[in-house]
Each structure stands twice: as C-alpha cells, then as structure tokens.
Amino acid sequence: MKKIWLVTKETFIRQTKGITFILSVLAPVIFMAIIFGVVFISQKLSGSDNQIDNAIVISKNYAPAVKDLSNFEVKSEAAAKKALAAEEIKGYVKVDVAKSGQISASWLGKEAMDSGDKSNLMASLQKLQQSLNIQATGLTAKQLKTLNQSVKISEKISGHNGLAKEATKADLTAKQAKSIAANVFIWLTYFILLTYISTMAQEIATEKGSKIMEIIFSSMRGGDYFVGKVLGVLGVFLLHVLAYIALLGVAVIAGPQINMFASFFKSNQELISQVMNNLLSWNLVLLLLSVILSIVIAAFCGALANRVEDLQKVLAPIKLAVYHYFQALSCQAGLQKVCLVRQN
C-alpha cells in the first residue's frame, strides 16, 4: 500500500507543480472574463450612444400613447429639426392622425431608425390605431368587452401523489435553476473528461517501454503501479474541482459587494441560490464517478499504444464517444414534448 501512495504522490506532484496546471484552472475563467469584458464594454458604448434619444412629434391628444418611447420632449416639428441639427437627438418621428382615423408615421434622422425603436414605435402606434378603430365603429360597452376578450392560460404541476397544483413563480425559478445547473454540468464534464482522458493516457504511454519501468516493476506489482497512477490523476482532478468551487464561492460572496454586479445578484438571488444547490449536490458524485471510469479506460488505452505518437489514434474512439454523447445530451436538453388534447 505504501508503494501505491508513493506513485500517487509522485504523479500528483508532477502534474500540479508546474504552471501548466494553474493555466488549465484559470484558462476557462480568463476566457469567460474576456467574453464578459467585451460584452460589458460594448454595452457601455451602446449605452453612451443611447443617451442621444429620439424625439416624437405628435398631437397632445395622442401623446400619452407614446410617452414611454422618448425622453426628449419637443413641442413642434421645427423644434425637432433644430434639435436634430444640433445633434441633441438621433432623429425624430412625426405622427399624423387623419380625419378618417388613419395613423401615419415618418422618420427623419441622419441614419436609419434603430430596429428595436422601430418595433416599439409600431407596437404603440398599432395599439393607438386599434383604439381609434374601435371608437369609429361606435361599439357599446358590452360589445367592446366582448371584443377585448383574451385567452386565459393556467399552468398546473402534477405532483408525485398525482394531485395537481397551480404553478408559481418559485416553480419557474426552480426549473430555470435546474436547466442552468444541467448545462453547466454537461459542458464542465465534457471539458474535464477530454482533459483528463488525455492526461491519463499520456502518463501511461510516456513511461511504457522505458528502462525505468523495469526497475519499478522489479520492486512492485504492475497492478499497484497502475492504481497509483490512476489515484494520482484523480487527485489532480479533485484539486481542479475544488479550485472551481472556491472560485465560485468567491464570486458569489464578492459579487454583491461590487456595484457593477450588485443589482444582478439582488434581482436573481433566489435563482443563484437554487443553481448553487443544484451544483453542490449528488451531481458532483456523478461527475466524480464518470471521471473515474473515463480515467481507467484512458489508462488502458494508453497501455495499448506502442508509441507516444500513436496515442491520439488509440484515444480517437473514446474521444468521439464522449463528443457524441454530450452532443446528444445538449440536444436532448432543448427538447420538450407537449401533448395537445382535443375535446369534442
């Protein structure tokens, strides 16, 4: 047993003492930080552009219908043209209502109207147009109530006892938390498996056939050496996972203290809590078991390689199996089966 632990210790130290291990831990974090930084900077830049608003020229009678679409108030089209010339606004929309009740809108700006602003404007004006159409028809209050009837949708969740209960916001949050945790585990397991499959096979294939192995096998059994190698790589994996858990804990604790993230953590506190609960659960045990099995299989694959150059050929089947398995999991996660019941 002592010799097994010596091999385990030597393998663990060799795999973690260099800068390679630190980079393997920090690389995903740095990559995510770069992506977040690019998105944040782009949002800031677009936010600075959005400080220049659009103006809407419309009659006071209909102004309430579009009051939420612009923060820049103008009293006339002449004032809007003046503001546009001074680059106080990106452009303005002139809304006219004909005697027949037909609404028309025209945009004037130094560039095309933003698609999001255009969609919001069309939605608001469509509501106003519908209101004018109803007024023109002279419908009674009862007819108007009938015309405005909308579809009522209720959601119920079937429990383990067969009884159904009304779906609540907490149920929706729990579903989102499970979905987020599942996706995190799918991709985390995928990258960890690919990393440690290669690491384990490399450990075995590199030392296979070397003269040092003859000396080692003269003092200990090959099976014990194999177990020591597997335990050493498994220890590296556990340290890797603990590093991510520590980084996640730091993010959850320090995030609310940073002004830039405080509002996000405050508005999604329940969701974050449930995602953490789903991550730090029996799912970690399943992740550990999957890595153990994969490491053992990779060790056998490494033993089959006659040369280090042939290692990737030997590992190709297991890597393809892992790739297609997780692709299937990703596709299955997005599938939802809905049954429609027709009543006669």
Side-chain angles (χ1 to χ4, degrees), residues 25 27-33 35-36 39-40 43 151-197 234 237-258 260-295 321-341:
V25 174
V29 180
I30 295 173
F31 181 71
M32 293 179 64
I35 293 177
F36 179 80
V39 173
F40 178 76
Q43 288 180 346
V151 178
K152 291 183 178 180
I153 299 178
S154 62
E155 292 184 56
K156 291 185 179 181
I157 299 176
S158 178
H160 297 290
N161 54 3
L163 298 177
K165 66 172 185 177
E166 292 289 338
T168 61
K169 186 178 179 181
D171 296 321
L172 179 60
T173 302
K175 181 180 179 181
Q176 291 177 337
K178 290 179 181 179
S179 177
I180 294 172
N183 281 286
V184 169
F185 266 109
I186 286 174
W187 292 106
L188 182 64
T189 307
Y190 173 72
F191 287 112
I192 285 179
L193 283 181
L194 288 185
T195 300
Y196 285 96
I197 283 173
L234 185 59
F237 159 72
L238 291 176
L239 181 62
H240 203 150
V241 173
L242 289 174
Y244 282 141
I245 292 175
L247 289 173
L248 185 62
V250 171
V252 172
I253 294 173
Q257 311 301 325
I258 303 175
M260 188 170 58
F261 307 118
S263 59
F264 172 79
F265 278 91
K266 185 177 180 180
S267 58
N268 298 281
Q269 186 174 4
E270 182 63 24
L271 178 62
I272 294 173
S273 176
Q274 293 197 29
V275 170
M276 292 289 292
N277 291 335
N278 284 311
L279 290 176
L280 304 177
S281 62
W282 286 102
N283 292 325
L284 279 178
V285 179
L286 296 177
L287 174 62
L288 177 62
L289 292 176
S290 65
V291 172
I292 291 175
L293 291 174
S294 300
I295 285 176
V322 171
Y323 173 77
H324 289 297
Y325 176 70
F326 283 100
Q327 283 294 318
L329 283 180
S330 301
C331 294
Q332 187 178 13
L335 293 179
Q336 292 184 352
K337 295 183 178 180
V338 180
C339 178
L340 299 179
V341 179

Quick check for you: to the nearest 0.5 Å, what is the distance between [X] atom [atom1] and [Y] atom [atom2]?
{"X": "K178", "Y": "T173", "atom1": "NZ", "atom2": "OG1", "value": "12.0 Å"}
{"X": "I180", "Y": "N278", "atom1": "CD1", "atom2": "CG", "value": "9.5 Å"}
{"X": "Y196", "Y": "L234", "atom1": "OH", "atom2": "CG", "value": "9.5 Å"}
{"X": "L242", "Y": "L247", "atom1": "CG", "atom2": "CG", "value": "11.0 Å"}

For residues V275 and A181, report the shortest heavy-atom separation together with the two atoms involved.
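Smallest heavy-atom distance, with atoms named: O-CB, 4.4 Å.
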
